[in-house]
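Some notes on the structure that comes next.
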Amino acid sequence: MIREIMEDLSKVESSNKILVFLTNRGFHALLNYRISNFLWKKKVPLIPLILTRLIQIVYSIDIDYKAKIGGGCCIVHGVGIVIGKNAVIGSNCKIYHGVTLGISHSSNKRDGFPTVGNNVLIGAGAKLMGKIIVGNNVKIGANSVVIKDVPADHTAFGIPAANKKIKLREITKVL
């Protein structure tokens, strides 16, 4: 848990890490998630739910304590983010405001929550719905609705999202 917290802190673009630790709502939400997730894994009752609701009320960021989020995640601006209970997010991902990773509630028996790979950028307002897999080094455009798998090294954009192959050097400029 401590390693992931330090990785999260290192990804926030600021030279003053103490200021980030004290004031950054995205970092606070991730810190709260990490503590809640740790307590849930240790079978501590009720406290993870209370901590999650507190951040939801204060910052309008709803990260379920049962989600799986890798280290080095960065939430930019944060307000309006929803990450469902079985969503999986890899390491070194950047998530902008208004993003939803949720279940699609379709009649499809394959319905569930998204799995997002490493080094993924999810643009503001993007919605990732259903049991989809987003590969490594992917960029998802702002306000896109992703309902199908996105292969590694692609950009997904539009409603519904279409995939386009990208070059690796383009991704490293973003992350």
Side-chain angles (χ1 to χ4, degrees), residues 1 3-12 20 24-42 44 46-106 110-150 156 159-161 174-175:
M1 177 178 77
R3 180 179 51 80
E4 285 92 358
I5 292 170
M6 296 310 291
E7 288 173 1
D8 294 343
L9 187 59
S10 72
K11 293 297 178 179
V12 179
V20 170
N24 186 286
R25 64 182 165 254
F27 177 76
H28 288 171
L30 284 168
L31 177 64
N32 178 75
Y33 154 77
R34 301 228 183 265
I35 293 167
S36 299
N37 183 262
F38 175 80
L39 292 173
W40 173 69
K41 287 177 181 175
K42 296 293 182 186
V44 175
L46 197 57
I47 296 173
L49 180 61
I50 292 170
L51 290 174
T52 300
R53 293 302 162 244
L54 181 66
I55 290 298
Q56 186 181 24
I57 292 166
V58 173
Y59 293 129
S60 296
I61 300 173
D62 186 2
I63 304 174
D64 195 285
Y65 56 89
K66 295 178 185 175
K68 295 177 185 164
I69 302 174
C73 187
C74 179
I75 294 177
V76 181
H77 304 299
V79 175
I81 290 176
V82 178
I83 300 174
K85 68 178 179 178
N86 291 325
V88 177
I89 301 172
S91 299
N92 302 314
C93 292
K94 187 177 276 192
I95 303 170
Y96 284 84
H97 56 283
V99 168
T100 298
L101 279 73
I103 195 166
S104 66
H105 294 293
S106 71
R110 197 175 166 257
D111 199 13
F113 289 86
T115 298
V116 176
N118 300 322
N119 306 311
V120 173
L121 181 142
I122 306 174
K127 309 300 180 226
L128 287 69
M129 306 303 292
K131 192 172 185 174
I132 58 172
I133 297 173
V134 175
N136 295 331
N137 306 312
V138 166
K139 293 191 295 185
I140 298 178
N143 296 316
S144 295
V145 178
V146 183
I147 54 175
K148 293 181 182 175
D149 293 350
V150 180
I159 303 174
V174 175
L175 298 176

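In what follows, every heavy atom counts, from backbone to side chain, and hydrogens, waters and symmetry copies are set aside. Keep in mind that this is a model prediction, so the values were computed, not measured.
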[Y] backbone acceptor or donor facing [X] side chain under 3.5 Å:
{"X": "R34", "Y": "I69", "answer": "yes"}
{"X": "D8", "Y": "G72", "answer": "yes"}
{"X": "N32", "Y": "L51", "answer": "yes"}
{"X": "N37", "Y": "Y65", "answer": "yes"}
{"X": "N136", "Y": "N118", "answer": "yes"}

| task | Using the six-membered ring wherever Trp is involved, compare the ring planes of H97 and H77 and label them parallel, tilted or perpendicular (cut-offs 30° and 60°). | result | perpendicular
Crowding at [atom1], [X] (>12 non-hydrogen neighbours, <6.0 Å):
{"X": "I47", "atom1": "CD1", "value": "no"}
{"X": "Y59", "atom1": "OH", "value": "yes"}
{"X": "M6", "atom1": "CE", "value": "no"}

| query | Is it true that E7 and R3 make a salt bridge, defined as a side-chain N closer than 4.0 Å to a carboxylate O? | reply | yes
Measuring from atom [atom1] of [X] to atom [atom2] of [Y], what distance do you get when rounded to the nearest 0.5 angstrom?
{"X": "N86", "Y": "D64", "atom1": "CG", "atom2": "CG", "value": "8.0 Å"}
{"X": "L101", "Y": "D62", "atom1": "CG", "atom2": "CG", "value": "11.5 Å"}
{"X": "Y33", "Y": "E4", "atom1": "OH", "atom2": "CD", "value": "8.5 Å"}
{"X": "I55", "Y": "I63", "atom1": "CD1", "atom2": "CD1", "value": "8.5 Å"}
{"X": "C93", "Y": "N119", "atom1": "SG", "atom2": "CG", "value": "7.0 Å"}
{"X": "K127", "Y": "T100", "atom1": "NZ", "atom2": "OG1", "value": "4.0 Å"}

| message | Under the criterion side chain to side chain contact (heavy atoms under 4.5 Å, CB included), I'd like the reasoning laid out for I5 against F27: C-alpha separation, chi angles, the key distance, then a yes or no. | response | CA-CA 9 Å; I5 292 170; F27 177 76; 4.0 Å; yes
Do you know the tightest heavy-atom contact between [X] and [Y]?
{"X": "A67", "Y": "I83", "answer": "CB-CG2, 4.0 Å"}
{"X": "V146", "Y": "A161", "answer": "CG2-CB, 3.8 Å"}
{"X": "P114", "Y": "G102", "answer": "CD-O, 3.7 Å"}
{"X": "M129", "Y": "I103", "answer": "CE-O, 3.1 Å"}
{"X": "F113", "Y": "K85", "answer": "CE2-N, 3.8 Å"}
{"X": "G141", "Y": "A126", "answer": "O-CB, 3.8 Å"}

| message | Could you walk me through whether L121 and Y96 satisfy the side chain to side chain contact (heavy atoms under 4.5 Å, CB included) test, starting with their C-alpha distance in whole Å, then the side-chain angles of each, then the deciding distance to 0.1 Å, before giving a yes or no? | response | CA-CA 8 Å; L121 181 142; Y96 284 84; 4.2 Å; yes
| said: Using side chain to side chain contact (heavy atoms under 4.5 Å, CB included), reason through I89 and I95 one step at a time and then give a plain yes or no. | reply: CA-CA 10 Å; I89 301 172; I95 303 170; 3.8 Å; yes
